[in-house]
Amino acid sequence: MLVALGAHPWAYPMLETAHLLGVGLLLGNLALLELRVFGWGVALPIQPLARLSLGLVLTGFGLAAITGLLMFGTQPQELLANRVFTIKMGLLMLAGCNAAWFHARQSLQRLDATARLSMVLSAVLWLGVLTCGRWIGYV
């Protein structure tokens with residue numbers, strides 16, 4: 001099946017499109033929550049906004065993860081040999097650890113300087129993931 005994905009002229013581009021849709025859902029809704037943590041849109045209560053945006057973040061992450069694994073399966077040796085891909089995976093793991101720490105310390109209830117620092121780190125890590133993802137085919 002994975003060989004067919006790589007060989008079919010429409011399958012891989014459709015997979016990439018679905019991957020980008022997942023990334024867009026993830027990062028668009030994460031950015032919305034980050035802006036709220038930084039004090040923008042204070043009229044919006046943080047808990048209902050977080051429930052809505054984090055649900056869409058998880059949906060986007062799930063779509064991006066599934067499609068990413070399928071794309072990886074079409075050419076694993078080439079991707080594992082690509083330094084930018086390995087950097088992307090490392091940044092992705094760091095972003096996940098940062099998110100887990102953010103929620104474990106209940107940062108949405110605190111909205112303190114540490115929560116804001118974690119959100120800045122999140123933005124930097126995800127920008128790195130995006131950049132590496134785009135560069136994989138060129139490096």
Worksheet item: Given the rule in the side chain to side chain contact (heavy atoms under 4.5 Å, CB included) test, do Tyr12 and Thr17 qualify, once you have shown the distances and angles that lead to the verdict?
Response: CA-CA 9 Å; Tyr12 199 85; Thr17 301; over 6 Å; no
According to a hydrophobic-cluster definition based on side-chain heavy atoms being under 4.5 Å apart (Ile, Leu, Val, Met, Phe, Trp, Tyr only), do [X] and [Y] belong together?
X      : Y      : value
Ile87  : Trp135 : yes
Val37  : Val120 : yes
Met89  : Leu80  : yes
Leu27  : Leu92  : yes
Trp126 : Leu121 : yes

So which heavy atom on [X] is nearest to which on [Y], and how close?
X      : Y      : answer
Cys132 : Lys88  : CB-CB, 3.6 Å
Ser122 : Leu30  : OG-CD2, 3.6 Å
Arg36  : Leu44  : NE-O, 2.8 Å
Leu33  : Ser53  : CB-OG, 3.8 Å
Leu111 : Arg116 : O-NH1, 3.0 Å

Quick check for you: to the nearest 0.5 Å, what is the distance between [X] atom [atom1] and [Y] atom [atom2]?
X      : Y      : atom1 : atom2 : value
Arg51  : Leu54  : CZ    : CG    : 10.5 Å
Leu69  : Leu15  : CG    : CG    : 10.0 Å
Gln47  : Leu52  : CD    : CG    : 13.0 Å
Arg110 : Leu108 : CZ    : CG    : 11.5 Å
Thr67  : Met14  : OG1   : CE    : 12.0 Å
Leu130 : Leu125 : CG    : CG    : 11.5 Å

Item to complete: Please indicate whether Arg134 has more than 12 foreign heavy atoms, meaning atoms of other residues, nucleotides or ligands, lying under 6.0 Å from its CZ.
Response: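 Check fails, neighbour count at 12 or below.
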Are the side chains of [X] and [Y] in touch, meaning some heavy atoms are under 4.5 Å apart?
X      : Y      : result
Glu34  : Trp40  : no
Thr114 : Phe102 : no
Leu70  : His19  : no
Val23  : Phe61  : no
Thr131 : Val84  : no

Worksheet entry | Parallel, tilted or perpendicular: rings of Phe85 and Phe72 (30°, 60°) |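 Because their plane-to-plane angle is under 30°, the rings of Phe72 and Phe85 count as parallel.
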Practice prompt. Quick one: do Val57 and Leu25 satisfy side chain to side chain contact (heavy atoms under 4.5 Å, CB included)? Show the steps, please.
Written response: CA-CA 6 Å; Val57 164; Leu25 275 173; over 6 Å; no
Worksheet entry | Those residues that, when tested against Ser107, pass side-chain hydrogen bond (donor to acceptor under 3.5 Å, both in side chains) (two or more places apart) |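 Partners of Ser107 under the side-chain hydrogen bond (donor to acceptor under 3.5 Å, both in side chains) test: Arg105.
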Worksheet item: With sequence neighbours left out, what residues match Asn98 under side-chain hydrogen bond (donor to acceptor under 3.5 Å, both in side chains)?
Response: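 Per chain and number, Asn98 pairs via side-chain hydrogen bond (donor to acceptor under 3.5 Å, both in side chains) with Ser118.
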Worksheet entry | Donor-acceptor contact below 3.5 Å, side chain Asn29 vs main chain Leu56 |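 Side chain of Asn29 to backbone of Leu56, a donor-acceptor pair under 3.5 Å: no, none is there.
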Worksheet entry | Step-by-step side chain to side chain contact (heavy atoms under 4.5 Å, CB included) determination, Leu79 to Thr86 | CA-CA 8 Å; Leu79 288 170; Thr86 57; over 6 Å; no
